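Here's the structure, in structure tokens; my notes come after.
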Protein chains: 2
Amino acid sequence: MSNAYNRPDQLSPELRRRVLETARRLGYPGPDPVARSLRTRKAGAVGLLLTENLSYAFRDPAALGFLEGLALACEDAGTGLMLIPASPEREDVAAVHRAGVDGFVVYSVPDDDPHLAAVLERPVPTVVCDQPDIGNVDRVGIDDRSAMYELAQHLIAMGHRRVGVVCMRLARDRNDGYVSVDRQHAAHFHVQRARLAGLAMAFSEAGVDWSKVPVVERFDHNTASGEAAAAQVLDRDPSITALICTSDILALGAMNEAKRRGLRVPEDLTITGFDGIQEAERAGLTTVRQPVLEKGRAAGKLLLDVGERTRPRSVNLSTELITGTTAAAPRTIAEERWFGP
Amino acid sequence: MSNAYNRPDQLSPELRRRVLETARRLGYPGPDPVARSLRTRKAGAVGLLLTENLSYAFRDPAALGFLEGLALACEDAGTGLMLIPASPEREDVAAVHRAGVDGFVVYSVPDDDPHLAAVLERPVPTVVCDQPDIGNVDRVGIDDRSAMYELAQHLIAMGHRRVGVVCMRLARDRNDGYVSVDRQHAAHFHVQRARLAGLAMAFSEAGVDWSKVPVVERFDHNTASGEAAAAQVLDRDPSITALICTSDILALGAMNEAKRRGLRVPEDLTITGFDGIQEAERAGLTTVRQPVLEKGRAAGKLLLDVGERTRPRSVNLSTELITGTTAAAPRTIAEERWFGP
DNA sequence: CTGAAAGCGCTAACAG
DNA sequence: CTGTTAGCGCTTTCAG
């Protein structure tokens, strides 16, 4: 009987037809997928752990691109993709334990996330995307530090020395304001830590005292946060020539704030982002483009690949510096005298 | 032992601690979720069936809003949300059979979709969103016919009598071109059928011969399709005063095409949409807003609500006519003579 | 090709 | 409070 459903080739078509027909007449709804999964030890689905609020995942183009890539990989493999209900507020790890999946993809969570810990306890393969950077687990990501280092060098070459930084949340606690160097080093979000490290390295090499550079953090990730953070930096340090944002969303917010203040970009203020989302491209933002869809696809492939899983694998995707129209050489005092403000 | 994991209250904390400690030492990874699901008859997840390509779902703001609402409802209930791998090309229904879920949400599929048939065979509750309109199943949607009827009346009141229509795909076969009245009536996508019916009713009442109104269909749903479809209508019927699109995405494409032709909107051509997505609002589109996020949330609640399930329930959400800046009274020939073209 | 039986790992019920 | 046991529905194996 089982054969009728699962191995059409093991019995005659005629018999198969008869069995199925009878089953239907008896009201048999087909094999129970859960019982089958128990027996075959395959759930036919992978779990996705996003620690951010779900709304965030569906509104941030970068997260969305990742999700799309992952979903495509799953679709190719005929595998379901299960969104694990794990909001950062509720520390209810039970959902991770309850999920009947063959593996997990963990996207951009802090290294001290309890849901992540629960995932790692499960005896199924796991792929971590972007962060955190933990040993012994498959990983997909980019080299955030180098990418940001390169962007910084681009600005340094233009002549920028007085800069400000706007970054995303560095830990699970809300800290909408200035960030000490200690907090930068202790950041639980590895991606943000790496990007800041890249900046610190480049500017230190250029003779800038990094501890003096204003770095402002925002917990929420949207353009309003970018606006507020940019305002905070510009209020305290009106003399900066460039505002470096660790995401395009924040940078787009900063652009709004610059406009509101009558600052021309890039003549009066250089603004840069990170991610390479479509909205940024449209705005001509100077930024770093990362292949978000490919990241999702790679994570899915890595998880679903049945190949050797002897030692942790790591996939590093390449990024590209996008030279937009929001970065230019800072005007010197002399130039301002000459050409007017 | 099971109690130690599932009923902390049934035994002393001390014992619980000891049991868990021992379990860990023995390398026990915790209860297997699949076996538990088999025993408890609860999978702790709901399945989402989207028949469109997944990429579509992640790029169309309306679908995305629905997905977000559904995901929120699931998160609130601590339930997983599983995306079922069902692309329209591959007619592989197995994924539906394989999915270990407690119920299905079906979003916007044609009434003859094989995956839908497979879902309905499964002995679990199902909620259909938008379409198709099948009996005996819980449903969430809006009154597409009335909403479009109201929009049409708005245009008729302005004086529009010569109109063209651009609509989304009406069936699973590709038909990028004109649509006969027969095809309109036979459409497998109920939503599109209802919107066209609303238009037909309003314009017929206003004395317009609906069979003479050009209706153009596009299989793909993006602005490029909207542009091409608008071009097709305008090429054949340059005298129309209004172009009614059955989605905002198509309408935004039509706006591009109008601009390319040097037609001013709304002075030379009225354009309307449907959905009320953010991009449309930004463009000042005259459209019908529907609560997409609420639709998703309502679908989730309906599915997860353990209440009486004696007879099929139906949730109808309300829509709102948005009077934008893309619709105005058509200029008469006399006016054109007077004011210039 | 057919039928019978073991057992996947768990939870719930019940007896001690 | 603790230990034992039946059985969820399936697939796989093995004997006929």
Side-chain angles (χ1 to χ4, degrees), chain A residues 1-45 47 78-80 82 93-104 118-119 121-125 306, chain B residues 1-45 47 78-80 82 93-104 118-119 121-125 306:
Chain A
M1 150 97 183
S2 172
N3 283 338
Y5 284 94
N6 304 318
R7 320 197 159 221
D9 48 312
Q10 295 289 307
L11 34 65
S12 68
E14 161 57 15
L15 174 63
R16 177 175 147 87
R17 197 196 54 69
R18 234 179 53 227
V19 171
L20 262 43
E21 159 83 29
T22 309
R24 165 152 338 194
R25 193 161 40 70
L26 263 42
Y28 177 68
D32 179 310
V34 176
R36 166 188 281 166
S37 288
L38 174 60
R39 186 59 234 253
T40 61
R41 321 257 43 182
K42 296 217 127 305
T79 303
M82 182 158 141
V93 163
V96 173
H97 290 133
R98 229 190 304 271
V101 296
D102 299 318
F104 286 95
V119 163
E121 277 172 11
R122 290 272 308 259
V124 294
V306 290
Chain B
M1 151 94 186
S2 170
N3 283 339
Y5 284 94
N6 303 318
R7 320 200 158 215
D9 47 313
Q10 296 288 306
L11 35 64
S12 67
E14 162 56 16
L15 174 64
R16 178 176 147 86
R17 197 195 54 69
R18 234 177 53 228
V19 171
L20 262 45
E21 158 84 27
T22 310
R24 165 154 336 195
R25 195 160 38 71
L26 262 44
Y28 177 68
D32 179 308
V34 176
R36 167 188 280 165
S37 289
L38 174 59
R39 184 62 234 249
T40 60
R41 321 258 39 181
K42 295 215 129 305
T79 302
M82 182 158 142
V93 163
V96 173
H97 291 134
R98 229 191 303 272
V101 296
D102 300 318
F104 285 95
V119 163
E121 276 172 11
R122 289 274 307 260
V124 293
V306 290

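Sequence lines set the chain letters: A, B, ... in the order given, protein chains first and strands last, and positions in each chain run from 1. Nothing here was measured: the structure is a model prediction, and the numbers come from that model.
The shortest heavy-atom contact between A:Val34 and B:Gly100 is CG2-CA, 4.1 Å.
The structure places CE of A:Met82 at 9.0 Å from OG1 of B:Thr79, a figure rounded to the nearest 0.5 Å. Of the inter-residue distances, the one linking B:Arg36 atom CZ with A:Arg98 atom CZ reads 6.5 Å to the nearest 0.5 angstrom.
Applying the side-chain hydrogen bond (donor to acceptor under 3.5 Å, both in side chains) rule to B:Asp32 yields the partners A:Arg41; only residues at least two apart in sequence or on another chain are considered. In this structure, A:Arg18 has no salt bridge (Lys or Arg N to Asp or Glu O under 4.0 Å) partners at least two apart in sequence or on a different chain. Partners of A:Arg24 by side-chain contact (heavy atoms from CB on, under 4.5 Å), not counting sequence neighbours, listed by chain and number: B:Glu121. Applying the salt bridge (Lys or Arg N to Asp or Glu O under 4.0 Å) criterion to A:Arg25, with sequence neighbours excluded, gives no partner residue.
Axis angle across the helix from C:dC1-D:dG16 to C:dG16-D:dC1, with five pairs used at each end and values rounded to 10°: 40°.
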Seminar exercise, completed: A correct 5'-to-3' footprint of nucleotides 6-16 of chain D, with B, S and - meaning base, sugar-phosphate only and no protein heavy atom under 4.0 Å, is BBBBBBS----
